[in-house]
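Written out below as structure tokens is the structure these notes cover.
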2 protein chains.
Amino acid sequence: MEFNDKQIQIIETAERLFAERGFDGTSVRDIADEAGINVAMISYYFGSKEKLMEALFELRVGSVKIRVESLLKDESLSPIEKVNMLIDEHIERVMQKQCFYKIMVGVLVTNKNPAILKAANQVKIRNAEVVSELIKDGQKKGVFKKKVDVILMLNTMVGTVSQSMMSQHYYREFNNQQDIPDEEFEVLLKRRLSIHIKTLFKAILTNEA
Amino acid sequence: MEFNDKQIQIIETAERLFAERGFDGTSVRDIADEAGINVAMISYYFGSKEKLMEALFELRVGSVKIRVESLLKDESLSPIEKVNMLIDEHIERVMQKQCFYKIMVGVLVTNKNPAILKAANQVKIRNAEVVSELIKDGQKKGVFKKKVDVILMLNTMVGTVSQSMMSQHYYREFNNQQDIPDEEFEVLLKRRLSIHIKTLFKAILTNEA
DNA sequence: AAAAAAATTAAACAAATGTTTGATTTTAAT
DNA sequence: ATTAAAATCAAACATTTGTTTAATTTTTTT
């Protein structure tokens with residue numbers, strides 16, 4: 001489905017509020033007020049609050065697939081380079097769309113709407129499959145260990161990034177970095193996360209005495 | 001505050017429903033019906049739905065402190081042994097109280113009630129301080145690296161366990177282990193998580209060429 | 001056994017919820 | 001300029017929400 005400007009404006013307002021207050025903690029009137037529109041417009045454009053949520057997932061999940069899959073095809077990159085790019089890709093994606101990933105976490109905990117849960121799991125399964133292929137390739141080339149638990153490895157990547165994203169204010173406070181600008185701190189956090197997770201993955205994937 | 005049997009029964013029913021449907025997705029009537037009590041009993045015992053949530057946190061957070069702190073004091077254990085015990089302690093705690101930790105995740109995302117947010121952060125800060133001490137001790141003894149990002153390390157532990165707990169059905173499916181009993185799978189998952197995270201921590205903490 | 005306290009109940013309360021209606025305005029097509 | 005379609009609106013709709021009331025039952029104390 002295609003969304004016009006007004007629909008996207010409503011979706012993005014809802015995205016922010018859902019992330020801040022949760023789906024059930026946000027009323028359609030809250031959304032309407034923040035977006036500067038009439039309440040009836042939500043039903044008019046989306047049918048219901050639930051469908052609005054589905055539209056949000058359609059908008060956000062739709063754009064993910066392409067970049068991840070094009071990664072695998074690139075023959076010029078080594079398996080380890082691909083894994084590292086996957087990590088950076090994930091960090092960038094989550095930090096860029098923080099609100100959406102907060103909502104995603106909420107959805108995975110309280111699995112109510114089957115359509116949304118399906119959309120959320122779709123991303124997860126796709127990722128696992130792509131990475132599994134990547135690992136097998138690396139094992140064939142002899143650069144990766146034979147026994148690798150791909151799911152646990154991905155759980156570490158996803159979990160570490162989510163956790164760091166959700167508690168970034170606390171991380172900033174702990175390191176006394178409230179003085180530096182927001183954008184700068186975000187760049188810093190992303191860089192540290194990148195190095196951190198790459199170190200972890202190296203320990204999981206590569207052979208060493 | 002002390003809770004009588006009836007209060008604990010209500011709290012534990014609420015805990016299950018809050019985990020399944022979220023705080024705002026659960027009505028006081030839902031709780032009353034599931035607990036087999038009258039709606040008014042919630043206000044009677046706790047004052048409000050919000051206070052019931054606070055009571056839940058009081059009940060659950062209260063019991064955490066002791067075991068973690070007694071770990072540090074034990075002089076017979078090496079820093080690496082203590083770290084490993086901390087990992088197992090955390091895995092056990094989360095898997096034992098899955099509902100509560102699902103709620104915890106929800107609270108950390110949509111930070112509304114300040115009292116609850118404070119209780120949640122209290123655990124986090126306490127943990128970070130204890131672990132920081134532990135790391136410093138290990139560094140003094142020359143068994144740990146000099147540069148360790150404690151927060152990121154803890155984010156990895158907490159994030160990996162949360163992520164694995166929340167998507168355990170998917171993990172089970174992926175590994176074709178639906179046939180083995182629930183309890184057995186949980187033991188298996190905990191053991192794998194333990195090995196996995198200990199490997200990660202070793203890579204972060206110890207020196208190797 | 002009488003009195004006091006605690007626990008439990010059905011009913012009522014106002015406020016908030018998602019959604020629909022029907023009229024009105026704005027935009028696009030003829 | 002006229003008509004048709006799309007967008008917007010205030011108001012109303014029926015439910016559901018958390019909480020309170022006031023009466024009744026159960027338990028404890030005297």
Side-chain angles (χ1 to χ4, degrees), chain A residues 1-59 103 106-107 110-117, chain B residues 1-59 103 106-107 110-117:
Chain A
M1 209 219 260
E2 300 263 307
F3 301 113
N4 63 41
D5 291 358
K6 202 115 224 172
Q7 285 174 308
I8 289 179
Q9 181 208 341
I10 296 172
I11 290 175
E12 289 182 340
T13 305
E15 182 179 42
R16 208 189 74 241
L17 293 180
F18 287 163
E20 283 173 7
R21 313 174 189 180
F23 179 76
D24 291 305
T26 309
S27 75
V28 289
R29 282 172 184 79
D30 290 340
I31 300 167
D33 287 352
E34 290 271 325
I37 53 143
N38 189 281
V39 223
M41 297 307 292
I42 291 169
S43 296
Y44 177 73
Y45 274 129
F46 301 98
S48 69
K49 186 188 172 188
E50 203 83 26
K51 292 262 185 69
L52 167 59
M53 180 74 143
E54 291 176 27
L56 164 61
F57 269 75
E58 202 180 317
L59 182 68
I103 296 170
V107 166
T110 62
N111 41 353
K112 280 189 303 180
N113 188 323
I116 291 167
L117 199 71
Chain B
M1 210 218 260
E2 300 263 306
F3 301 112
N4 63 39
D5 292 357
K6 202 115 222 170
Q7 286 174 309
I8 290 178
Q9 182 208 342
I10 296 171
I11 291 176
E12 289 182 340
T13 305
E15 182 179 41
R16 207 188 75 239
L17 294 180
F18 287 163
E20 283 173 6
R21 314 174 189 180
F23 179 77
D24 290 304
T26 308
S27 75
V28 287
R29 281 170 185 81
D30 291 340
I31 300 168
D33 288 351
E34 290 271 325
I37 53 143
N38 190 281
V39 223
M41 295 307 291
I42 290 169
S43 295
Y44 177 73
Y45 274 129
F46 303 98
S48 68
K49 185 188 172 188
E50 203 83 25
K51 293 263 184 66
L52 167 58
M53 179 75 145
E54 291 176 26
L56 164 61
F57 268 76
E58 202 180 318
L59 182 68
I103 296 171
V107 166
T110 62
N111 41 354
K112 279 191 302 182
N113 188 322
I116 292 167
L117 200 70

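Lettering of chains follows the sequences in order, A, B, ..., and the numbering in each one begins at 1.
A straight line from CD1 of I42(B) to P of dG18(D) spans 9 Å, rounded to a whole angstrom. What separates CG of N38(B) from P of dT19(D) is a distance of 14 Å, to the nearest Å. Note: CD (Q9(B)) to P (dA7(C)) measures 14 Å, nearest angstrom. Here the C1' atom of nucleotide dT17(C) and the CG atom of D33(A) are 14 Å apart, to the nearest Å. If you measure from atom CD1 of I37(B) to atom C1' of dT19(D), you get 14 Å, rounded to the nearest angstrom. Atom P of nucleotide dG18(D) and atom CG of N113(B) are separated by 15 Å, given to the nearest angstrom.
In this structure, S43(A) has no side-chain contact (heavy atoms from CB on, under 4.5 Å) partners at least two apart in sequence or on a different chain. Partners of E15(B) under the side-chain hydrogen bond (donor to acceptor under 3.5 Å, both in side chains) rule, at least two apart in sequence or in another chain, are R60(B).
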Check residues 45-52 of chain B and write down every donor-acceptor pair under 3.5 Å in which the side-chain atom is one partner and the other belongs to a residue at least two apart or another chain.
unit_1	atom_1	unit_2	atom_2	d
S48(B)	OG	K51(B)	N	3.2
K49(B)	NZ	F23(B)	O	3.0
K49(B)	NZ	T26(B)	O	2.7
E50(B)	OE2	N113(B)	ND2	3.0

Please tabulate, one pair per line, each protein N/O and nucleotide N/O from nucleotides 22-28 of chain D that are separated by under 3.5 Å, including the distance.
none

Pull out every protein N or O sitting under 3.5 Å from an N or O of nucleotides 25-28 of chain C, one pair per line with the distance.
none

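Judged by closest nucleotide on DNA chain C, Y44(B) is the one of Y44(B) and Y44(A) placed further toward the 5' end. Each of K6(B) and V39(B) has a nearest nucleotide on DNA chain C; the 5'-most of these lies closest to K6(B).
Non-hydrogen atoms lying under 4.0 Å from DNA chain D are contributed by T26(B), S27(B), V28(B), R29(B), all within residues 20-31 of chain B. Proximity of residues 45-53 of chain A to DNA chain D (heavy atom under 4.0 angstrom from any strand atom) is restricted to Y45(A).
Axis angle between the ends of the helix from dA1(C)-dT30(D) to dT27(C)-dA4(D), five pairs each and rounded to 10 degrees, works out to 10°.
Applying the salt bridge (Lys or Arg N to Asp or Glu O under 4.0 Å) test to pairs two or more places apart or on separate chains, those with a residue in residues 25-40 of chain B are R16(B)-E34(B), R21(B)-D30(B).
Contact annotation: the side chain of Q7(A) never approaches that of L59(A) to less than 4.5 Å [non-hydrogen atoms, C-beta and beyond].
Here the nucleotide nearest the side chain of S43(B), chosen from dT19(C), dT9(C), dT20(D), is dT20(D).
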